[in-house]
Amino acid sequence: MTLRFRLVMSALLCCALCTLAVRARAQPRCEELPNPLYLQVGDTQEPLMKTLGRVLRDSEVKPITLIYVTSGSCTNVEAIYNDVPITMNPKYVPSKQEDAAWKTSEPSLTCTIGEAGHPVDVANSALFVSACNPEDPPKGVKLFQGPNQAYAFIVPESSSERAITAEEAYFVFGFGAAGKVSPWDDEEFFSIRTVTKSTLLSLAAAIRVPGQRWKGTPFDKSSEVLSAVSSASEPGKAIGILGTELYDRSRDQVNVLAFRAFGQKRAYFPDSTASSFDKRNVRDGHYFPWAPTVWMTHVEDDKPVNPLAEYVIGLILGDGVEPKPDFEALESVIEVGLVPQCAMKVTRKEEGGDLSLYAPPQPCGCYYESRVAEPGRGCEECDKDSDCDDGACRHGFCEVR
Amino acid sequence: MNMHSALSSLRAACLCLTCFAACAEGSDGRQLAAADASAGAAAASDAAAVDSQACVESPRTSLEILNACTDDDVEAVDKKPVLPLLLEDGGLPALP
């Protein structure tokens with residue numbers, strides 16, 4: 001072995017050790033992070049955790065670290081109902097001071113959880129909790145209905161399919177190959193989720209095929225569905241399911257199918273067109289498969305036990321919180337593809353249930369539209385209530401109430 | 001009967017059918033689901049034959065909301081899938 005070779009090998013070993021040391025140092029203990037709040041959320045909610053997590057970490061009025069793990073909605077419900085602690089190392093996002101260049105498209109960081117794990121402060125179900133557990137929540141756990149999210153059938157970019165009807169989906173996913181629906185007649189190319197996941201359960205309610213009866217390959221993670229559909233060996237036969245906020249980030253890989261519900265005459269995309277991001281058809285009820293995100297926390301006398309949980313849930317719901325944040329929380333919610341209740345024109349009471357007209361008590365439709373497209377007709381900008389002929393100035397726009 | 005009045009009559013008939021389907025909805029969710037499934041299948045298979053463009057101006061019920069008129073810039077897709085297992089009355093067979 002020459003001296004030169006030894007020197008090179010030593011240098012390489014040093015580099016490797018240094019890298020390991022830096023990484024080891026870079027993974028802090030979770031409890032050492034500032035103002036930690038522990039959440040267990042659906043993987044469709046990870047974009048919200050990243051976006052809201054970043055602004056909360058950088059907040060000067062109330063910095064909070066969202067420490068989160070992702071799991072199926074029904075698993076999350078059971079975790080908070082039965083006090084199942086988080087035991088795997090969770091994720092969090094860096095502050096600007098820690099990593100100014102970090103973007104929400106990048107992976108989150110990981111912190112080290114204590115040996116005994118940590119109780120869940122806030123759990124999330126991305127569909128009506130009753131679809132997971134029809135019982136009332138246990139005493140001491142309160143449910144808060146948050147922004148809505150849509151679910152969709154997706155196909156590879158090269159697929160020529162543009163729409164699916166509820167009846168088609170009933171035969172495709174309820175019967176598999178025996179359903180004889182062309183081109184989706186080979187279960188090998190159906191990419192679905194496991195039965196604890198909101199994506200499966202919400203779409204199951206929309207097509208009336210119980211989650212346990214779906215044909216196809218069940219994946220644990222949305223990213224696995226995305227990968228399977230986008231890389232299918234026979235793109236024409238491939239179909240999968242995805243939350244639309246994840247689809248919105250993956251439009252270069254897959255296409256969303258317009259959906260025609262039972263009794264509906266035409267099929268619609270979640271957005272007004274296949275290429276827009278306005279969720280107009282979710283908001284007005286033309287697009288059927290959507291559900292509220294539900295946020296759960298421990299309460300005492302109806303008030304959240306953890307004040308950080310109360311604060312963060314208030315931000316997600318668009319409620320007034322104290323201290324007022326130094327960022328627009330509603331913007332984070334809208335940015336990730338969720339539709340705040342204040343921008344909805346319809347509502348429902350159960351998964352896949354009937355739609356009814358809805359007039360939010362403090363509407364934010366104009367602001368919502370300004371963030372996803374152009375403000376609609378009749379939307380006037382304002383600074384204060386007196387700038388508006390009627391209604392109130394909210395988030396910089398005159399709203400009807 | 002000219003084309004315009006024929007279309008108007010057709011639209012009125014559609015509206016009546018939609019209203020009838022909506023009025024037939026019960027308070028029992030399961031009953032409603034079954035009724036919807038059957039109505040849905042029938043409406044789906046007949047949609048093209050009736051008038052796929054018909055829409056509801058002032059929706060009130062769930063079915064009317066789904067079929068409410070939209071702005072011109074909203075993209076709707078018409079589809080007539082071939083479903084060999086659909087029952088003769090347009091209903092859905094039980095899952096296997």
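Lettering of chains follows the sequences in order, A, B, ..., and the numbering in each one begins at 1. This one's a predicted model, so the numbers in the text were calculated from it and none came from an experiment.
- Pro81(B) and Thr165(A) get closest at one heavy-atom pair: CG-OG1, 3.8 Å.
- Distance CZ/Arg348(A) to OG/Ser62(B): 7.5 Å, rounded to 0.5 Å.
- By the 4.0 Å N-to-carboxylate-O rule, Asp73(B) lies close enough to Arg280(A) to be salt-bridged with it.
- For chain B, the nearby part of Ala258(A) is the side chain; its heavy atoms alone come within less than 4.5 Å.
- Using a 4.5 Å cut-off between heavy atoms, Asp278(A) does not touch chain B at all.
- Contacts of Ser356(A) with chain B are made by backbone atoms alone, with heavy-atom separations under 4.5 Å and no side-chain atom involved.
- Of the listed residues (Val181(A), Asp284(A), Leu357(A)), the one with the most heavy-atom contacts under 4.5 Å to chain B is Leu357(A).
- Taking each heavy atom of Tyr268(A) and Ala76(B) in turn, the nearest pair found is CE2-CB, 3.6 Å.
- Residues Thr70(B) and His286(A) are in side-chain contact: their nearest non-hydrogen atoms beyond the backbone lie under 4.5 Å apart.
- Contact annotation for Ala274(A): both backbone and side-chain heavy atoms come within less than 4.5 Å of a heavy atom of chain B.
- With contacts defined as side-chain heavy-atom distances shorter than 4.5 Å, the pair Glu75(B)/Arg266(A) does not qualify.
- Atom CG in Asp71(B) sits 9.0 Å away from atom OG in Ser272(A) (nearest 0.5 Å).
- Residue Leu85(B) touches chain A through both its backbone and its side chain, counting heavy-atom pairs closer than 4.5 Å.
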Determine, step by step, whether Glu161(A) and Lys79(B) satisfy the salt bridge (charged side-chain N to carboxylate O under 4.0 Å, His left out) criterion, reporting the C-alpha distance in whole Å, the side-chain angles of both residues, the deciding distance to 0.1 Å, and the verdict.
CA-CA 10 Å; Glu161(A) 298 300 316; Lys79(B) 185 167 190 183; 3.4 Å; yes
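- Side chains of Val77(B) and Phe269(A) form a contact here, defined as non-hydrogen atoms less than 4.5 Å apart.
- Contact check for Tyr170(A) versus Leu83(B): no side-chain heavy atoms found under the 4.5 Å cut-off.
- Remark: Arg208(A) CZ to Leu92(B) CG distance equals 8.0 Å, nearest 0.5 Å.
- When the ring-ring contact (aromatic ring centres under 6.0 Å, His included) test is applied to Phe397(A), no partner is found at least two apart in sequence or on another chain.
- Tyr287(A) OH to Leu66(B) CG: the interatomic distance, rounded to the nearest 0.5 Å, is 12.5 Å.
- For Arg60(B), the CZ atom counts as loosely surrounded, since its 6.0 Å shell holds 12 or fewer non-hydrogen atoms of other residues, nucleotides or ligands.
- Here the side chains of Pro210(A) and Leu95(B) are in contact, with some heavy-atom distance below 4.5 Å.
- Here the side chains of Pro84(B) and Phe171(A) are not in contact, with every heavy-atom distance at 4.5 Å or above.
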Test salt bridge (charged side-chain N to carboxylate O under 4.0 Å, His left out) on Glu168(A) and Lys80(B); report intermediate values, then the result.
CA-CA 10 Å; Glu168(A) 264 184 306; Lys80(B) 291 178 273 182; over 6 Å; no
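- Inspection of non-hydrogen atoms places no residue of residues 187-198 of chain A under 4.5 Å from chain B.
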